[in-house]
Enquirer: 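One structure, as C-alpha cells, below. Some questions next.
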4 protein chains.
Amino acid sequence: MTATAELVLEVGYAATSIGAVAARAGVGKDTIYRRWSGKAELVYETLFTQTETAPVPDTGSLAEDLTALLEALLEEFTAPAAAAALPGLLADFAANPDLQARIRTQFLAPAKERLVAVFERAIQRGEAVPGVPVDLVLDTLAGAIFFHVGLVGERPGPELATQLAAVIGQGIEAR
Amino acid sequence: MTATAELVLEVGYAATSIGAVAARAGVGKDTIYRRWSGKAELVYETLFTQTETAPVPDTGSLAEDLTALLEALLEEFTAPAAAAALPGLLADFAANPDLQARIRTQFLAPAKERLVAVFERAIQRGEAVPGVPVDLVLDTLAGAIFFHVGLVGERPGPELATQLAAVIGQGIEAR
Amino acid sequence: MTATAELVLEVGYAATSIGAVAARAGVGKDTIYRRWSGKAELVYETLFTQTETAPVPDTGSLAEDLTALLEALLEEFTAPAAAAALPGLLADFAANPDLQARIRTQFLAPAKERLVAVFERAIQRGEAVPGVPVDLVLDTLAGAIFFHVGLVGERPGPELATQLAAVIGQGIEAR
Amino acid sequence: MTATAELVLEVGYAATSIGAVAARAGVGKDTIYRRWSGKAELVYETLFTQTETAPVPDTGSLAEDLTALLEALLEEFTAPAAAAALPGLLADFAANPDLQARIRTQFLAPAKERLVAVFERAIQRGEAVPGVPVDLVLDTLAGAIFFHVGLVGERPGPELATQLAAVIGQGIEAR
DNA sequence: ACCTAAGCGAGACGGTACGTCAAGTCTTAAG
DNA sequence: CTTAAGACTTGACGTACCGTCTCGCTTAGGT
C-alpha cells in the first residue's frame, strides 16, 4: 500500500495512522497488519525499500568513490516523504529490538560492505594504508547526513556529498 | 520533576506518559503541563539542560580542542537515560516547529559558536586556513555521535572522540 | 449496559462517571460513547425505557382511570435507582436542548395523548364537559409526583395515586 | 457576590463554575468558599433568598388565597435566572443531605405553614371540611410549577396561577 | 507615625472526570 | 476463504474544575 507515502507527505509520520492508511487505500486494517508489523515497518518498506542497489562505485579515486556513495544516500534520504518520515521512523526503530536488528542487517551491514570495498581499492591504489576505521567513517558520513536532514531540518544541497567526501577522504589519507 | 528520568530509564521514552510521570511524582498532570508543553520538552529539560556550559577548550592544538569538545558531547549523550531518550526525543522535536526552533537556538547555535572559536584559534596558529566549513564539521562530528548512539544503538567508547577529532582535524588541515 | 443501574444505585447519579460504568462493564469508554451521547442519555435509557407501554386504562370512571395512569407513573419513578437518578437526570436534560426535545416527544407527548384519551371517554360519559385543560392536569399530576420524589425526597406510598386522582378528578368535574 | 446571577443567565447553571464567578467578581475563590459551601448554596442564596416573605394572603375566598400564593411562587421561579438555575440546583440539593435538610426547613416548611393558614381560614368560612391533605395540595401546586418550569421548559403565563387554584380549590371543596 | 495582623487577590497544587484518538484484535457479510 | 468494514478493549491524550493551600499585598488597629 504505497499510498502510505501520500499520507506521510501530507500529515507527517506521527499523524499517519494505520487506520487512515487503510481507509485511504480502501482496505481493512487487518490486511495491513497481515503484511506489516506496524507503522514503522510499513513506512520503512514504503519509502526506503524501493531503491534497487546500485553497483559499488569504482571511479579510480577514493574521494570520487565516496562522493558517489554519498550522493546515492542523499538522494534516498532527501526525498520529501523520506525526510518527513526519518526522525519518527528512527525513533520507532530504536524502540523496538526486532526493528533495530533489521536496520543493522538491512541497512548498516550493506553500507559497511560497500565502504569496505571502496577502501580496499583505495589501499590497492596506495591512496590509503590498511587499518582504516571503516565503522568510524560510516558513522561520520551517514551521521552527517542523518543529522542534517533529521535534526537540523534542512535539505542539504548536492555539494554536501562532495565536501563530505573531500574532508573525510583527506582525513583518512593523511592518517 | 527529575523523577521523569527514572521512568525514561525504566520503560523508555515512548512508554513514558505524562500521566505516569505525574503519578510517580505525586503530582497532578496540570502541574506538569503548567511548566512544560509536553513530553518532549519535559524530557529534554530533564536530561539535557542540567549541563553547565564548560568553557571552550584551548589546548593549543586543533585535534585536542576538538577531542575535548567531543568528549563533552559524548558524556552528555551516552548517559543511559539520555541514550534511551534520544531517538524519540529527536522525532518529537522534528515534528514540532516550536521545538525545532528551540533546538536550533539552544543547541546548534552554541555548538557552532564553540566550534568557530576553536577554528579561529587554529587559524591563528596556522593549523588551518580561513574558510573552514564549520557547518559541515558540526554535521560530521555531532552527526557521528547521534548516529552511533541513536541509530546504531551502541554506546561508543571513549576513544571515539579522539579518533573523530583526528580524522576531521586532519581532513580540514589538509584542505 | 444495564450495569449502569448498579452504579446509580450504589453511588448516585452525580458520582456515576462514564469511565466507571465502562470499567465495571468491562468495556471501553468509546463503546459507550458510540451508543449514547453522554451520561444523561445512558441513564435515561437504562432506567426509563424498559417500560413497555401499558394500554390506556378504561375502567368506566374518570377517577379510576386517572388512578391507574398515576400508579403506572409512580411505579416507574419510585424504583430505587430511578428515584436516585431523577433530579440529576432532569438537570442534565434541562441543560441540553437535544435532550429537552427528546423528553418532550418521548415522554410528555405520549403522556398527554393518554390523558386526552381518558378525558374524551369521561366527556362521553358526561363526567366532564369539553374544554378540559389537559396540559394543566398533566402539570399537576406529573408535577406532584416529580416534586415528591425529586425534591421532597420521599418515596410516596401507593395511596398517593388515589388521592391525587380524586382531588384532580373532582376539581375538573366541578368546573 | 450577586454577580453570580449574571453567569447563571449567560452560560447556565452547569457551566457556572466557582472559579468563573470569582474571576468575574474580582475576588479570590477562597473568599467565596469562606461564605458558601459550594455552587449550589451560592446560587440558591443568590437567586432565591432575596424574597422578603409576603404576608399570608387573606382575601376571603379559598381560590383567591391560593391564587395569591401561587402568583408569588410563580414570580419567584419564572425569573429568567431562576428558571435557568432550577433543574441543576434541584439536582445538587437532592444529592446532598445537608442541602436537602435546608430545602425542607427553609422552603417546604414555611410553604406548608402558609397553606395550612389559608386552609384553616377556609374551614372557618365553611369552604372546606377539616382533614385537608395539605401535603398533597402542596405537592400538587408546587409540583405543577416546578414541572412546568423545570421539565417542560416553558415559562408559564400568569393565568396558570388562577387555573391551578381553581382546579385544586374545587377538588378540595368537593371532597 | 509606625508596625503588626488579618483579610484578601491571585493562582499553584493534587485530584478526578471528561470526551477524543489510535493501537491492535476480533467479528460479520459479501464476493 | 479471503476481504472490507468497523466494533471492540485498552490506555494516553490535553482540558476543565474541584476544593485546599500558599503566597504577597493591602489595610486597619493598636501602640
Side-chain angles (χ1 to χ4, degrees), chain A residues 1 7 11 13-42 88 92 95-96, chain B residues 1 7 11 13-42 92, chain C residues 1 7 11 13-42 92, chain D residues 1 7 11 13-42 92 96:
Chain A
M1 244 43 79
L7 271 172
V11 303
Y13 177 81
T16 297
S17 71
I18 292 207
V21 170
R24 170 169 311 210
V27 134
K29 284 199 287 177
D30 272 10
T31 306
I32 293 182
Y33 280 110
R34 211 169 292 127
R35 284 200 239 277
W36 295 279
S37 71
K39 182 164 65 163
E41 210 176 280
L42 168 60
D92 283 0
N96 182 324
Chain B
M1 246 44 81
L7 271 172
V11 302
Y13 178 81
T16 297
S17 72
I18 292 207
V21 170
R24 169 168 311 211
V27 135
K29 282 199 289 177
D30 264 17
T31 304
I32 293 183
Y33 281 110
R34 211 172 290 127
R35 282 201 238 278
W36 296 281
S37 71
K39 182 164 65 162
E41 211 175 281
L42 167 60
D92 284 358
Chain C
M1 243 44 83
L7 270 172
V11 302
Y13 178 81
T16 297
S17 72
I18 291 207
V21 169
R24 169 167 312 210
V27 134
K29 282 197 290 177
D30 267 14
T31 304
I32 294 183
Y33 281 111
R34 210 171 292 128
R35 283 201 237 278
W36 296 279
S37 70
K39 182 162 66 162
E41 210 176 282
L42 168 60
D92 284 359
Chain D
M1 242 49 76
L7 271 172
V11 303
Y13 178 80
T16 297
S17 71
I18 291 208
V21 170
R24 168 167 313 211
V27 136
K29 285 200 286 177
D30 270 10
T31 306
I32 294 182
Y33 281 110
R34 212 170 290 131
R35 285 200 239 276
W36 295 278
S37 70
K39 182 163 67 163
E41 211 175 281
L42 168 60
D92 283 359
N96 183 322

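Quantities reported herein were computed from a predicted structural model and do not represent experimental measurements. Each chain gets a letter, A, B and so on, in the order its sequence line appears, and its residues count up from 1.
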Enquirer: In terms of the nearest nucleotide of DNA chain F, which residue is placed more toward the 5' end: A:A22 or D:K39?
Expert: A:A22

Enquirer: Taking atom CZ of D:R35 as the centre, report whether more than 12 heavy atoms of other residues, nucleotides or ligands fall under 6.0 Å from it.
Expert: no

Enquirer: Can you tell me how far C1' of E:dA22 sits from CG of A:L42, to the nearest Å?
Expert: 15 Å

Enquirer: With a 4.0 Å cutoff (strictly under), does any side-chain N or O of C:R35 reach OP1 or OP2 of F:dC8?
Expert: yes

Enquirer: Verify the contact: side-chain N or O of D:T31 to OP1 or OP2 of E:dG7, cut-off strictly under 4.0 Å; return yes or no.
Expert: no

Enquirer: Mapping B:G19 and A:K29 onto DNA chain F by nearest heavy atom, which one lands closer to the 5' end?
Expert: A:K29

Enquirer: Take atom CG of C:L7 and atom C1' of E:dT16, then tell me their distance rounded to the nearest Å.
Expert: 15 Å

Enquirer: Start at the 5' end of DNA chain E and walk down; is the nucleotide closest to A:G38 or to C:S17 reached first?
Expert: C:S17

Enquirer: Under the 3.5 Å rule, do the base of F:dC17 and the side chain of B:D30 count as making a donor-acceptor pair?
Expert: yes

Enquirer: Is any side-chain nitrogen or oxygen of D:R34 closer than 4.0 Å to OP1 or OP2 of E:dG7?
Expert: no

Enquirer: Send over the distance from B:D92 CG to F:dA12 P, rounded to a whole Å.
Expert: 16 Å

Enquirer: Rounded at 0.5 Å granularity, tell me how far CD1 in B:I18 sits from OG1 in B:T31.
Expert: 11.5 Å

Enquirer: Return the OH to CG distance between C:Y13 and C:L7, rounded to the nearest 0.5 Å.
Expert: 13.0 Å

Enquirer: Donor-acceptor pair, B:K39 side chain versus B:T16 backbone, under 3.5 Å?
Expert: yes

Enquirer: Given atom CZ of D:R24 and atom P of F:dC17, what is their separation to the nearest angstrom?
Expert: 14 Å

Enquirer: Starting from P on E:dG14, measure out to CD1 on B:I18 and report it in whole angstrom.
Expert: 14 Å

Enquirer: Nearest-Å distance, OH (D:Y13) to P (F:dC17)?
Expert: 14 Å

Enquirer: Of all heavy-atom pairs between C:D92 and C:A40, which one has the smallest distance, and what is that distance?
Expert: CB-CB, 3.7 Å

Enquirer: To the nearest angstrom, how far is C:I32 atom CD1 from F:dT9 atom C1'?
Expert: 12 Å

Enquirer: With the side chain of C:Y33 defined as its heavy atoms from C-beta on, choose the nearest nucleotide among E:dT20, E:dT25, F:dG14.
Expert: E:dT20

